[in-house]
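Single-structure report; data block below.
For this chain, numbers begin at 1 and follow the sequence in order. Keep in mind that what you see is a predicted model, and the values were worked out from it rather than measured.
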Amino acid sequence: KAGESDAIFLLDVNGGNQERLPNIDLDGIQGLKWSPDGKSIAVIGIKDGQSDLYLYDLDRKQLRNLTNDVFADHEPSWSADSKFIYFTSEREGNLSAGQYPVSRTAGVNFESANRDIYRYDMATNAVTRLTTTPDANEYYPVMTKDNHLLYISDANGINNIYTANADGSNAHAITNSVSKIDQISVSNDGTKLCFTAMHKGGYDLFLLRNPLDRHVDTLGLTEYRKNNGGRLVARMDTSLKSGLAPDTAKGYGNVGVDL
C-alpha cells in the first residue's frame with residue numbers, strides 16, 4: 001500500500017535498495033506473478049471497482065489492461081515459455097476481452113457461482129476456457145515445464161489438488177484431503193509441490209513429493225456437496241502408481257508431505 005493506492009516494489013533479496021515501479025495507477029493489487037523470461041509481471045489489479053488481468057512491461061515501465069471487463073479475475077500464473085498466462089475467473093463463456101466493461105453490463109451475468117480456469121495467449125490476446133466443472137470452483141492454476149496443469153478444485157465439496165493436460169483435458173485428483181487445501185506452487189522440475197492447509201487449528205505449509213505420479217481413482221462427494229450443507233465427511237487418502245519408491249516424508253494423513 002502506498003498512499004491511497006497500491007504499488008509494486010522490487011527489492012533485492014541480497015539487501016539492495018528497493019525500487020517502486022512507475023506508471024501503476026491501481027486502487028488495489030490482489031496478486032502478481034513474474035514471467036519466467038523476466039520481462040513482464042502479470043498483475044490482478046482493481047480500478048474503479050473492476051478487477052482485471054494486467055501486464056506490466058519491465059523494460060518499458062508500462063502497465064496494460066489485458067481483460068478490461070466486468071468479470072472478476074484472480075490468481076495469475078505463467079507457462080514456462082512465458083507465452084501464456086493462466087488465471088481464474090467467473091466469466092463463464094465470455095471470452096472477448098473488453099466486451100463488457102463496468103459501464104456496459106445490462107443483461108450480462110457477471111456474478112456466476114462457478115470460478116473456472118482460463119488461459120490468455122500473449123501472441124493473439126485470445127482467452128480460452130480450460131475448465132467447466134459444474135457447481136464447482138477452481139483456484140491457483142500452475143503449469144509445469146512439461147505442460148501439466150495443476151490446480152485446486154472443490155468439485156467433491158472440499159478443496160483438493162488436481163492435475164490435467166495443458167488444455168484442461170484428462171483432469172483427475174491427486175489428493176483426497178479432509179482439510180481445505182490452498183495456495184499451491186510447483187517447483188521448476190515439477191517434482192515438488194508446496195501448499196497450505198488447515199492443520200490442528202492453524203494454517204501450515206506442506207510439501208508434496210512427485211505430485212504428477214499420484215492419482216486418486218475416486219474422489220467421493222462430501223456430505224456437504226451431497227446435501228448442500230451439513231457435516232463434512234471426507235477421508236484423506238491417495239494411491240501411488242505402482243513401482244514408485246516409498247515416500248519417507250512425514251505423513252499428513254496418508255499423503256506424504258514435509259511439514
Side-chain angles (χ1 to χ4, degrees), residues 30-31 33 44 51 53 71-77 85-94 109-119 128-144 148-186 193-208 211-212 214-239 252-257:
Q30 293 187 327
K33 188 71 69 173
I44 299 298
S51 167
L53 175 66
F71 308 106
D73 301 321
H74 318 271
E75 302 147 0
S77 68
I85 301 174
Y86 293 80
F87 65 103
T88 61
S89 181
E90 293 91 357
R91 64 182 53 247
E92 295 188 336
N94 298 286
N109 177 24
F110 56 89
E111 294 183 344
S112 171
N114 293 351
R115 181 185 294 189
D116 291 300
I117 297 173
Y118 296 80
R119 181 181 63 207
T128 303
R129 188 179 186 177
L130 300 184
T131 61
T132 56
T133 314
D135 302 317
N137 296 300
E138 273 81 47
Y139 310 92
Y140 298 103
V142 294
M143 289 292 296
T144 65
H148 284 90
L149 176 65
L150 289 155
Y151 61 94
I152 293 172
S153 176
D154 64 0
N156 80 315
I158 194 167
N159 286 15
N160 273 284
I161 303 173
Y162 287 69
T163 185
N165 296 330
D167 61 359
S169 63
N170 194 31
H172 63 269
I174 63 172
T175 65
N176 185 3
S177 176
V178 71
S179 183
K180 178 183 176 181
I181 293 176
D182 274 320
Q183 303 178 43
I184 64 173
S185 180
V186 66
L193 185 148
C194 189
F195 66 91
T196 61
M198 185 69 71
H199 183 56
K200 295 183 179 179
Y203 266 104
D204 289 318
L205 190 64
F206 298 89
L207 182 68
L208 182 64
L212 298 177
R214 299 178 180 269
H215 194 291
V216 176
D217 293 326
T218 303
L219 197 60
L221 297 179
T222 63
E223 292 300 315
Y224 180 86
R225 178 65 76 204
K226 290 178 183 177
N227 303 321
N228 195 26
R231 289 185 59 192
L232 286 175
V233 179
R235 182 174 63 88
M236 179 172 294
D237 191 15
T238 188
S239 58
Y252 175 66
N254 289 331
V255 179
V257 299

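What you find for E90 and F71 is that their closest heavy atoms are O-CD2, 4.4 Å. The two residues K33 and S77 have their closest heavy-atom pair at CG-CA, 4.0 Å. Heavy-atom minimum distance, Y86 versus R119: OH-CD, 3.5 Å. Of all heavy-atom pairs between A72 and S89, the closest is O-OG, 2.8 Å. Looking at every heavy atom in both residues, I85 comes nearest to P76 through CG2-CB, 4.2 Å. Listed here is the closest heavy atom pair of P141 and Y151: CA-CB, 4.0 Å.
A donor-acceptor pair under 3.5 Å links the side-chain atoms of D167 to the main chain of S169, judged by distance alone. The backbone N or O of D182 sits less than 3.5 Å from a side-chain atom of T196, completing a donor-acceptor pair. The backbone N or O of L150 sits nowhere less than 3.5 Å from a side-chain atom of T163 that would complete a donor-acceptor pair. The backbone N or O of G93 sits nowhere less than 3.5 Å from a side-chain atom of R91 that would complete a donor-acceptor pair. Looking at S179, its side chain does come within 3.5 Å of a backbone N or O of M198 through a donor-acceptor pair. Put simply, the side chain of N137 gets close to the backbone of R115: a donor and an acceptor are under 3.5 Å apart.
N170 and H172 form no side-chain donor-acceptor contact under 3.5 Å, judged by distance and modelled atom types alone. Between the side chains of T175 and N160, a donor-acceptor pair is found at a separation under 3.5 Å. Side-chain atoms of S51 and D73 include no donor-acceptor pair closer than 3.5 Å.
The CG atom of N176 lies 10.0 Å from the OG1 atom of T222; values are rounded to the nearest 0.5 Å. For the atom pair T88 OG1 and L53 CG, the distance stands at 10.5 Å (nearest 0.5 Å). Between the CD1 atom in I117 and the CZ atom in F87 there is a gap of 11.0 Å [rounded to 0.5 Å]. Between the OH atom of Y140 and the CD1 atom of I152 there is a distance of 7.0 Å, given to the nearest 0.5 Å. Taking CD1 of I184 as the start and CD1 of I161 as the end, the distance is 5.5 Å to the nearest 0.5 Å. For the atom pair OG of S177 and CG of L219, the computed distance is 10.0 Å after rounding to the nearest 0.5 Å.
Relative ring orientation between F206 and H199 is described as perpendicular, the plane-to-plane angle rising above 60° on a 0-90° scale split at 30° and 60°.
The pair K180-D154 fails the salt-bridge criterion, with no side-chain N (NZ, NE, NH1 or NH2) lying under 4.0 Å from an Asp/Glu carboxylate O.
Two residues are said to be in side-chain contact when any heavy atoms from C-beta on lie closer than 4.5 Å; L208 and R214 meet this criterion. Using a 4.5 Å heavy-atom cutoff, the side chains of L205 and C194 are in contact.
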